[in-house]
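Inspection log for the structure reproduced underneath, given as structure tokens.
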Amino acid sequence: QVQLVESGGGVVQAGGSLRLSCAASGTTFSTYRMAWFRQAPGKEREFVASITSGGTSIYYADSVKGRFTISTDNAKNTVYLQMNSLKHEDTAVYYCAAGERILVVTNPNRYAYWGQGTQVTVSS
């Protein structure tokens, strides 16, 4: 059973930065594709970024390209999301997800494991 624990959320002013972390346990980290999704109040869960453990396959949502960076530390079984130039519209609960053999990386239904989420609030 894969367990994912997110951390690093908080309140930040527009233009600021945050780094989210997601620690994975109960699995061989290298076999999974990892991703970040987010969900704002009243909205559907939205794809943010995805990466393979080797870092060779990375995707970003258009809304975060150039501002967010996803990365992994395989020795720590951890995936990160560095968020820069934050905007008010980035406010959401951010979720870490993991799955195997995922063809459509933007589809949340393809990911079998989820963390509990961490709140990111960007004040304008």
Side-chain angles (χ1 to χ4, degrees):
Q1 183 74 10
V2 177
Q3 295 180 332
L4 304 173
V5 179
E6 302 102 332
S7 60
V11 180
V12 63
Q13 288 188 335
S17 298
L18 281 175
R19 189 177 80 156
L20 305 183
S21 300
C22 172
S25 60
T27 184
T28 303
F29 188 68
S30 62
T31 66
Y32 285 80
R33 172 172 284 278
M34 307 298 293
W36 289 96
F37 287 79
R38 66 187 181 186
Q39 189 166 18
K43 295 187 177 182
E44 293 186 353
R45 194 162 294 191
E46 174 189 29
F47 171 77
V48 175
S50 179
I51 188 171
T52 52
S53 60
T56 56
S57 175
I58 297 176
Y59 296 91
Y60 293 101
D62 288 343
S63 58
V64 306
K65 278 181 183 176
R67 300 189 298 122
F68 290 11
T69 303
I70 190 170
S71 62
T72 61
D73 184 335
N74 287 356
K76 296 182 178 179
N77 273 14
T78 299
V79 60
Y80 302 98
L81 186 68
Q82 177 67 43
M83 305 186 295
N84 299 328
S85 302
L86 282 162
K87 304 176 182 180
H88 178 67
E89 50 264 42
D90 294 319
T91 295
V93 177
Y94 283 71
Y95 296 91
C96 178
E100 295 181 288
R101 297 180 293 276
I102 296 175
L103 298 180
V104 182
V105 301
T106 59
N107 185 347
N109 295 324
R110 300 300 182 185
Y111 294 83
Y113 303 101
W114 292 84
Q116 81 287 352
T118 185
Q119 176 71 47
V120 172
T121 302
V122 184
S123 61
S124 55

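Keep in mind that the numbers below use all heavy atoms, side chains included, and drop hydrogens, waters and symmetry copies.
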With side chains defined as the heavy atoms from C-beta onward, is the minimum distance between [X] and [Y] less than 4.5 Å?
| X | Y | answer |
| --- | --- | --- |
| Q119 | T91 | yes |
| M83 | V122 | no |
| S63 | E46 | yes |
| R33 | Y59 | yes |

Quick one: closest heavy-atom pair of [X] and [Y], and the distance?
| X | Y | result |
| --- | --- | --- |
| S17 | S85 | OG-N, 4.3 Å |
| Q116 | V5 | OE1-CA, 3.9 Å |
| N107 | N109 | OD1-N, 2.9 Å |
| C22 | M34 | SG-CE, 4.4 Å |
| P108 | T106 | CD-O, 3.3 Å |
| C96 | E6 | N-OE2, 2.7 Å |

Where does the angle between the aromatic ring planes of F68 and Y94 fall among parallel (under 30°), tilted (30 to 60°) and perpendicular (over 60°)?
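Because their plane-to-plane angle lies in the 30° to 60° range, the rings of F68 and Y94 count as tilted.
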Parallel, tilted or perpendicular: which one describes the rings of Y113 and Y32, with boundaries at 30° and 60°?
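Geometry flag for Y32 against Y113: perpendicular rings.
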Measure the CD1-CG distance between I70 and L20 for me, rounded to the nearest 0.5 Å.
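I70 atom CD1 to L20 atom CG measures 10.5 Å (nearest 0.5 Å).
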Distance, nearest 0.5 Å, that separates OG of S50 from CD1 of I58
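Rounded to the nearest 0.5 Å, the OG-CD1 separation comes to 9.0 Å.
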Salt bridge present between D90 and K87 (N-O < 4.0 angstrom)
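Result for this pair is no, no salt bridge flagged.
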Residues two or more places apart in sequence or in another chain: which of them pass salt bridge (Lys or Arg N to Asp or Glu O under 4.0 Å) with R110?
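Testing R110 for salt bridge (Lys or Arg N to Asp or Glu O under 4.0 Å), a comparison that skips the adjacent residues, returns none.
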After noting the C-alpha distance and the side-chain angles of F37 and Y111, does the key distance pass the ring pair (Phe, Tyr, Trp, His ring centres under 6.0 Å) rule?
CA-CA 11 Å; F37 287 79; Y111 294 83; 5.3 Å; yes
